[in-house]
Amino acid sequence: MTEAQFQKAIIDLAYAVGWRVHHSRPVQNAAGRWMTAIQGHAGFPDLVLAHQHRGVLYVELKAAQGRLSQQQQLWRSVLEPTGRYRLWRPDDWNTITAELINNP
């Protein structure tokens, strides 16, 4: 499963069970480079999921062997102590579904 397929599966699940979803999609510029328009520090997690009763999650997605960039590691170090940061990989699917569906 590619990271893009994994992301789509999570977004589809989140929508289906009542989470609000934010994802900033990259675009290809005139020079052919892929970029995501942001203001602020690079490396922000891939998804922000918000639920009326379950709170907010900051989710970084990686393929099975994917590694965090230095900028992603910095965001992780800031967000992880809040208890709301997640690093999810395809092998975590059971944990993901439990968190998005089952937890009140």
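Computed over heavy atoms, backbone and side chain alike; hydrogens, waters and symmetry mates excluded. For the single chain, residues carry numbers from 1 onward in sequence order.
Residue Pro90 comes nearest to Ala64 through the heavy atom pair CD-N, 4.0 Å, listed as atom of the first residue, atom of the second, then distance. In terms of heavy-atom proximity, Val17 sits nearest to Leu100 at CG2-O, 3.5 Å. Between Arg76 and Pro81, the shortest heavy-atom contact is O-CD, 4.1 Å. Considering all non-hydrogen atoms of both residues, Ala63 and Glu3 come closest at N-OE1, 3.7 Å. Here the shortest heavy-atom pairing between Gly18 and His51 reads O-CD2, 3.4 Å. Between Pro45 and Val59, the closest heavy-atom pair is CB-O, 3.5 Å.
Around atom CZ of Phe6, more than 12 heavy atoms belonging to other residues, nucleotides or ligands sit under 6.0 Å away.
A salt bridge links Arg86 with Glu99: at least one charged nitrogen is closer than 4.0 Å to a carboxylate oxygen.
For the side-chain contact (heavy atoms from CB on, under 4.5 Å) with Leu61, the lone residue among Ile96, Ile10, Leu87 that qualifies is Ile10.
Clustering ILVMFWY residues whenever any of their side-chain heavy atoms sit less than 4.5 angstrom apart, transitively, puts Val48 in the very cluster that holds Leu79. In the hydrophobic clustering of this structure, Leu49 groups with Trp93; members are Ile, Leu, Val, Met, Phe, Trp, Tyr whose side-chain heavy atoms approach within less than 4.5 Å, directly or through other members. A single hydrophobic cluster is not seen to contain both Trp75 and Leu57; linkage of ILVMFWY side chains at heavy-atom distances under 4.5 Å, directly or through other members, places them apart. Transitive grouping of hydrophobic side chains (ILVMFWY, heavy atoms separated by less than 4.5 Å) brings Tyr15 and Trp88 into a common cluster.
Side-chain contact between Thr97 and Asn102: absent, with no pair of heavy atoms (C-beta onward) separated by less than 4.5 Å. The closest side-chain heavy-atom distance from Leu47 to His22 is not below 4.5 Å. Annotation: side chain of Arg67 is not in contact with side chain of Gln72 (no heavy-atom distance under 4.5 Å).
Under a 3.5 Å cut-off, the side chain of Asp46 and the backbone N or O of Glu60 do not form any donor-acceptor pair. Checked by atom type and distance alone, the side chain of Arg84 never pairs as donor or acceptor with a backbone atom of Tyr58 at under 3.5 Å. Asp92 contributes a side-chain N or O that, together with a main-chain N or O of Arg89, makes up a donor-acceptor pair within less than 3.5 Å. A donor-acceptor contact shorter than 3.5 Å links the side chain of Arg54 to the backbone of Ile101.
When only modelled atom types and interatomic distance are considered, Gln7 and His23 share a side-chain donor-acceptor pair under 3.5 Å.
Residues satisfying the side-chain contact (heavy atoms from CB on, under 4.5 Å) test with Gln73, not counting sequence neighbours, are Leu68.
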